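What follows is a single structure, written as structure tokens, with notes after it.
Since the structure is predicted, the reported quantities are computational estimates derived from the model, not experimental observations.
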Amino acid sequence: MHNHQHDIKLSKQRFTLVTLLNLAITLAEIIGGLLSGSLALLSDAFHNFGDSFAIILSYSAQLIAGQKRSPSQTYGYKRAEILAALLNSLFLVVMSVFLSFAALKRLGHPETIDGPVMLTVAIIGLLANLISALLLASSSKHNLNIKATYLHILSDALSSLAVIGVGLVLTFIPAVWLDPLLTILVSGYIIWEAWPIIKKTLIILMEAAPDLDYAAIKADILQIPNVTSIHHIHAWMIDEHDIIFSAHINLSNCQLSQAEIIYSQIERLLQTKYHISHTTIQAEYQRGLNEDLFDSKNPY
């Protein structure tokens, strides 16, 4: 299974470096945007400033999530990273909507833009963002929280690349409408990329059932000797990796020592075949024998 502590150890120095890079880019793009009159550069500066906030929030959430379980938090603090991923993605969407409205106003009242200044600053921003993305790339594959931060960085790299293209055009052609149009397009792309993360984090926080083949789970458990029925199951996710599963099973009239063996068989089956991290089983003889797999009458 994926080692959460390894992520923290791997990312500490990288997060610090990425934060410093983004703060430096933000300052450079604010100055460059004001000097050149480029809304695209200023929007990129806002994105980078948001990245710095996102990186700090992401790393803080990692530290919190690594704390041990306690009597007040019996499942631990792993949801801290899910909350951070949600906040980071929502921040991206809100910021992109705000900048899109600003760009629409600019389309109606275009302003002269200094192409060479815009181009120079955008190149610096692109290089810094690419370095930051490379530093976080490996960890983003295994962690939704880091993935949200990685998306921040990647979206800025794309934005910088687009600004470079517009800067090249504006250096030779006074097509001032390209700058606000670019802002709208990049903002739309960021919203498109952020939405799946928002959706997944909300699913986890709402404790919606993970994507499991419940019919197959039932069939597999019924193959275990002495199991006569399974009902009243619940499944939910603590984070994007850990699935919790509970169920009531009906057993033949066997000894308690045999029931423990059946518990172990079910736990092993669910962990190896369905990647379920934690299983709670309640054994019954005839109680609930004819109940459905999901009990709609009893919410718990």
Side-chain angles (χ1 to χ4, degrees), residues 4 7-8 11 15 18-19 21-23 25-26 29-30 39-40 42-66 73 75-105 125 129 132-133 135-137 139-160 162 182-211 236-242:
H4 179 78
D7 267 344
I8 294 177
S11 303
F15 269 143
V18 171
T19 304
L21 277 171
N22 273 274
L23 289 173
I25 300 167
T26 301
E29 290 188 330
I30 287 174
L39 182 62
L42 288 174
S43 70
D44 208 29
F46 277 113
H47 282 147
N48 278 298
F49 182 73
D51 289 345
S52 301
F53 170 75
I55 294 161
I56 294 169
L57 181 63
S58 178
Y59 183 64
S60 299
Q62 269 199 327
L63 293 178
I64 294 170
Q73 295 288 336
Y75 278 114
Y77 296 82
K78 292 184 178 182
R79 287 272 173 92
E81 289 195 286
I82 302 302
L83 284 169
L86 177 61
L87 289 174
N88 279 337
S89 300
L90 285 174
F91 181 78
L92 267 177
V93 171
V94 171
M95 186 169 55
S96 296
V97 170
F98 172 78
L99 291 169
S100 294
F101 277 111
L104 285 171
K105 291 181 179 179
N129 279 314
S132 298
L135 288 171
L136 296 179
S139 297
S140 69
K141 297 175 182 177
H142 308 290
N143 188 295
L144 197 62
N145 176 36
I146 299 177
K147 185 177 180 180
T149 307
Y150 177 69
L151 177 58
H152 271 271
I153 305 296
L154 209 58
S155 68
D156 273 323
L158 174 68
S159 180
S160 295
L182 171 64
T183 302
I184 293 170
L185 292 175
V186 171
S187 295
Y189 173 78
I190 291 169
I191 293 172
W192 176 267
E193 289 293 319
W195 172 244
I197 295 177
I198 293 173
K199 183 179 178 181
K200 189 168 185 177
T201 53
L202 286 175
I203 286 172
I204 293 172
L205 292 172
M206 289 298 293
E207 296 191 342
D211 186 17
W236 66 99
M237 300 178 73
I238 297 298
D239 57 17
E240 72 269 34
H241 301 297
D242 298 312

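Counting all heavy atoms, side chain and backbone alike, S132 lies closest to L21 at OG-CD1, 3.5 Å.
In this view, I191 and V93, S96, V97 satisfy the side chain to side chain contact (heavy atoms under 4.5 Å, CB included) rule, not counting sequence neighbours. Scanning for side chain to side chain contact (heavy atoms under 4.5 Å, CB included) contacts around I30 gives T26, L34, A45, with sequence neighbours left out. A search for side chain to side chain contact (heavy atoms under 4.5 Å, CB included) contacts involving W236 returns Y75, R79, E207, H234, I238, I244, S246, not counting sequence neighbours.
Summarising the geometry, atom CG belonging to D239 is positioned 11.5 Å from atom CG belonging to L83; distances are rounded to the nearest 0.5 Å. Distance check: L90 CG to L202 CG gives 7.0 Å after rounding to the nearest 0.5 Å. Between atom NE2 of residue H241 and atom CD1 of residue I204 there is a gap of 9.0 Å, rounded to the nearest 0.5 Å. The distance from atom CD1 of I82 to atom CD of E240, rounded to the nearest 0.5 Å, is 4.5 Å. To the nearest 0.5 Å, atom NZ of residue K78 and atom CD of residue E81 are 9.5 Å apart.
A donor-acceptor contact shorter than 3.5 Å links the side chain of T201 to the backbone of I198.
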